[in-house]
Amino acid sequence: MTEILFRFNGKETTVHPETGARLSETLRETLGARDVKIGCDAGDCGTCTVLLDGVPVCACLTPTQQVSGQNVETVAGMHANDPVAKMLGERFQDHGAAQCGICTPGMMVAAVALLRDDPTPTVDAVKDALGGVLCRCTGYRKIIDAVMGRPVVLDGARGAVGDSIRRLDGTDKVAGLERFSDDIAPAGTLEILVIRSPYARAGFRFGDLETWAAATDGVEAFLTAADVPGRNVFGVIPQFVDQPVFAETETRFRGEAVAAVIGTPAAIKALAPDDFPVTWTELPAATDIHIAQDSAAENLHKDRDGNIMCGGFVKCGDATAALARADVVVEGHFNSGFVEHGYIEPEAGYAQMVGDRVEIYAGTQAPVMDRDSLEIILGLDASKIRIVPTGIGGGFGSKLDLSVQPYLALAAMKTGKPVRLTYSRTESMQSTTKRHPSDIHLRIGAEHTGRICGFDFYGEFDTGAYASWGPTVANRVPVHASGPYRITDYRAESKGVHTHNPPAGAFRGFGVPQSAIAQECLFDMLAEKLGMDGLEFRILNALQNDAPTVCGQVFSQGVGIGKCLESLRQSWATERGAVEKFNATSNTYKRGVGIAAGWYGCGNTSLPNPSTIKSGITPDGTVVLHQGAMDIGQGANTVITQIFATALGIATTSIDLVGPDTDVTPDAGKTSASRQTYVSGAAARMSGLALRALVLKRMNVSEAAVLSFEGGQAVAQDGDKVHRLDLATLETDTDGFVFRAIETYDPPTKPLDADGQGAPYAQFGYAAHLVVVEVDTALGTVKPLKFIAAHDVGQAINPLLVEGQVQGGIAQGLGMALMEEYLPGRTENLHDYLIPTIGDMPPVETIIIEEPDAHGPYGAKGLGEHVLIPTAPAILNAIYAATGARITQVPATPAIVSSAIKKAHS
Ligand code: FES
C-alpha cells in the first residue's frame, strides 16, 4: 500500500489504498463519502462523477493513486462550500430535477463544472456536459431547465392540493445526504457474494463446502438451500409463490442463485465465483415461448399445465360475428422483448441482529410484503422481523420483489453479525425481474361510419422461470387491451408462459404498454383504411361517462379520454402542416407525426388493496404524519402530505413526516399500480379530516374554523373569535399523541366473472400522446423531436410533480420503442443495454386534464403507469407517417426500421 495525499473537499487528506483501488471505493469506504454513488462500476452511468482538479471524472474508473496531489470534490463538499453548487441545488429543487435522487450527485457535479466555466450555457452545452450521466426517472428535461436557470413559478409554501411546491425531501437529494441502500452499512461490515448459475438451465453439485470455507481466508460462512430455516420459496401472488431463495436441484435461468458466501470485504473482493466449489452441468433450455409450449418441452414447474403459468380472459358481445359483418378489418402480429428496469441504483442492503430480531435496511417498494415473505423464508414470526426502507434509487416495479433481503437476513442470522450485500450491475440485470416480452395477434373491425365493430386479441407473454407478477400481467392485459374506447363486441385472451429466462414481473404498466402498441398501431391502420383522420377516429370511439367498458363497468363520471384527445387537435393540425413542409424539401430525412392513447386502472385488479395512514398531534403542537407509502422518486412524500395538510387545514411545512418502517408506520400498501396518490392519498385525506374533526370538537368551534398549531397550543380562528387549547394539558396515548387519527381506505371493486365482467378498478386514468419524429431513411435511425402529452389526472395534487412523472415516463417509453432489449448473456450491463441519455430526450409539453374522480382524494387519479403507455405506439405511428413503413416489433432499432422502409418501398 502506498500513501496518497490529496485535497478532498478542501481538506488535505491521506489514504493508503490497495494498488488499483477505485477512487469511488476509497471515497466511500475509507473516507465515508457516501454521497458518491455507485451505479455500474464501469463508467457507463456517471452517477459516481466527481471533480478532479475541476474536471468531471467517473470515480469508479479512476485509480486512487492517480489523484495524488490533486483536488477531489464531491457533491456534498460542493454543496456545503460552493455558492454555484448551492444555487444549483436550489434550482434542482425548484424544477423538480431530482426524483429518486440517485443520479443527482453525478448530475450536480457535472453541472457545477459546466457552470463554473459557463454560467449561462446553451441547451447543447448542458447536454454535452451531462451526457455521461444517466437518469432513469426524470426524462432529463427538468435537469436541463435547472442547469440553465430557466424561470419556474412555484406556489407558496402552504402546499395545498393543486399547488406546485418543491419536493419536501429534496434538500438531502441535492446535497448528497440522502442515504440509499448501499449507504447504511459501516465500512468493514461482512459482505456476501451470491453464487449464480452461468447457464439458463443447469444441474449442479457442490463440493465439500465446509472444508472449502474453513480453508479460505476471511470466509465466515456459506449459505445454501439447506440453511433456509423456513420454506425455501418466495413470490408475490399467493397462488403462485414458486421462486426458491436458492435453487435445490437445477437452475431455471441464467443468474439464479444456488449459494452465498459470507466473508470479510477483502475475502469477498478476492473471491471469483469460479473459486466456489460447485460443478455445473448445462441442460437443454426452453428460452422461447414457442419452444416452451412444444409438446416435447419439459415442464419448468411440475404442478402447472404444461408451461402455461396462467391466463386472463375478457369477453363481451360477440367479437367473431361483429368482425364478420365489419366493413373494414385490419389485423397484425406484434412482438416486444425483455425490457430491463435500468434503475441507476443496483439492489443493496444491510442487516443486523438486534436481540432475537433481524433488521433489514434495503430499498424496496413494498416493506410490509417484504416482511411477510421473509416470515415464510426465515420461519420467524413477523414480530421478529423489521424492515427499514432506505432511500431507493429507482424501482419502476422490480423492487416490489425480494432481491437481497433473504440473503441478508439469512447471513445475519447465521453469523450473528451485521452483513451487507450490493449487487453488481451485471448481477442486478441477470437476476431481477424484467418487462414481459410479448407476442400478440389482434384483429379489429369497423363500420364505414368509423365505429369499431369487433375486436379479437390474443397475447402470449414470456413470464420467465418464475411467476413474480406474471399473473397480474395476464389479468390486466385483457381488461386494458381495448384501450380507452367503447367496444361492444370484444374478446381478449392472454397467457403467461414459463421459459428458462429471467422472471418477468412488474414494470410500469404490467403488460399494458405491450398491448397498447398492437391496439394503437392497428387503430391507425383502421382509420387509414376508412379514409378517416386518426385523431378523429379515436375521438369518435373514445369511452365516455355512462358507457360500459369491455368489462361491463360503467363510470358515471371521471372518464377523461375524450378531453385528452381533443386537447391535441390543434397541435395535430399544426405539427402535421409543419412536417409536410419539411418533407417537401428533404430527401433522406423524413418527419412524421404520430398519436396514441392509453388508460390504466389504478390499484389492484378486483382485489383488496387498502392503505392505512396514521396522524397525530404531540403536546408541543407538532403535527406528525405517518406516511408509509414508499416514495421511489414519484413524490409520494410530498403529494400525500399535501393531501393530508389540505384535509387538516394547515400548511405542509407544519408537518413532521415519519417514513416507512414496519415497526413504526402503518401499512400503506405497495408502491405499484399507480395506487399511492389515489389509495394512500385517500387514506391521508380521511386521516386529516378525522384529526381536524377531533380537534375542532374538543375546542367546540365550527367546522369552518381556521386551524393552526403554535407554541404548544391548538389555535382556531372561528369567525372573529380566536380559541386556544393548551395541548400539554391533555392526556397522551402510547404514541405520545394528544389527538390521533388512523384511517384506512380500500378502493371499491368487484371480482371479474368467467367472462371478465365486473368492476376491476374504482378509477382509471387516461392519456394521449403526440410525437414528432425525424427518420434518417438511409440509416433507419429515429429521433423524436417533440412530445405533447395530455394526461387526465383528475386533480393535479402538485402540477410540478405531474410534469416530472410525465417526462420520466415518456423517456422510458421512448427507450422501449427505440433501443431497449435485455438479452441474457448479451446485454447485461449499461453499455450493451442502452437506455435514453440526455441527448435522446426532446422537449415535452404536458397538458394536464382534470376530470375529477369521485373516489380519488380531491378528485385525484393515479399517474405513474399511464405515462409511458401511449409513447411507444405514438412513435411507431409517427415512423409510419414519416416513411410509410409499419413497424410491428420493439425496440425499433435502426436495422428493423431500415428493413421495414425497404420492404414498404419494394
Ligand atoms: Fe435520476 Fe432517479 S432522479 S435516476
Side-chain angles (χ1 to χ4, degrees), residues 35-40 44-49 58 75 88-89 91-111 126-127 129-147 166-167 169-183 340-348 363-365 390-399 425 428 507-508 630-638 671 800-801 803-812 814-815 820 830 833-841 844 864 867-868:
D35 55 312
V36 179
K37 307 301 179 190
I38 307 294
C40 66
D44 297 320
C45 74
T47 195
C48 65
T49 300
C58 283
V75 72
L88 187 63
R91 287 190 195 164
F92 260 59
Q93 293 185 74
D94 283 348
H95 282 275
Q99 289 189 16
C100 81
I102 193 76
C103 72
T104 308
M107 290 288 183
M108 287 275 295
V109 167
V126 175
K127 286 183 177 179
L130 274 57
V133 188
L134 294 176
C135 174
R136 192 59 157 166
C137 300
T138 64
Y140 301 103
R141 300 305 304 189
K142 289 189 176 294
I143 293 173
I144 294 172
D145 292 344
V147 177
R166 289 175 167 196
R167 300 179 65 99
D169 50 10
T171 308
D172 282 358
K173 293 179 191 290
V174 301
L177 299 176
E178 179 156 6
R179 290 290 173 255
F180 291 89
S181 55
D182 193 33
D183 300 338
E340 157 68 23
H341 296 73
Y343 28 73
I344 306 303
E345 177 202 40
E347 295 74 5
T364 176
Q365 295 178 236
T390 62
I392 176 170
F396 315 117
S398 190
K399 289 178 184 171
R425 173 56 58 180
S428 169
F507 190 172
R508 222 167 181 171
M630 280 304 301
D631 191 327
I632 61 172
Q634 85 282 30
N637 284 337
T638 307
T671 292
L800 180 72
L801 298 188
E803 282 180 7
Q805 282 295 288
V806 171
Q807 294 178 8
I810 284 177
Q812 290 186 354
L814 186 159
E820 296 187 37
L830 290 175
Y833 186 90
L834 302 177
I835 67 172
T837 68
I838 198 168
D840 294 313
M841 262 305 281
V844 178
V867 287
L868 65 70

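Below, all heavy atoms of this structure are taken into account, side chains as well, without hydrogens, waters or symmetry copies. Order of listing sets the numbers, starting from 1, for every ligand and every atom in it.
Using a 4.5 Å cut-off on side-chain heavy atoms (C-beta onward), D183 and T390 make no contact. For the pair I632/F396, no side-chain contact is recorded, criterion being any heavy-atom separation below 4.5 Å from C-beta on. Side chains of Y343 and C137 form no contact here, defined as non-hydrogen atoms less than 4.5 Å apart.
Of the options N637, T638, D631, a side chain to side chain donor-acceptor pair (under 3.5 Å) to R167 is made by D631 and by none of the others.
At a cut-off of 2.8 Å, measuring from atom 2 (Fe) of ligand 1, the protein N, O or S atoms that fall short of it are C100 SG, C137 SG, waters left aside.
Residues forming a side chain to side chain donor-acceptor pair (under 3.5 Å) with T104 (at least two apart in sequence, or on another chain): none.
Salt bridge absent: R179 and E345 never bring a charged side-chain N and a carboxylate O closer than 4.0 Å.
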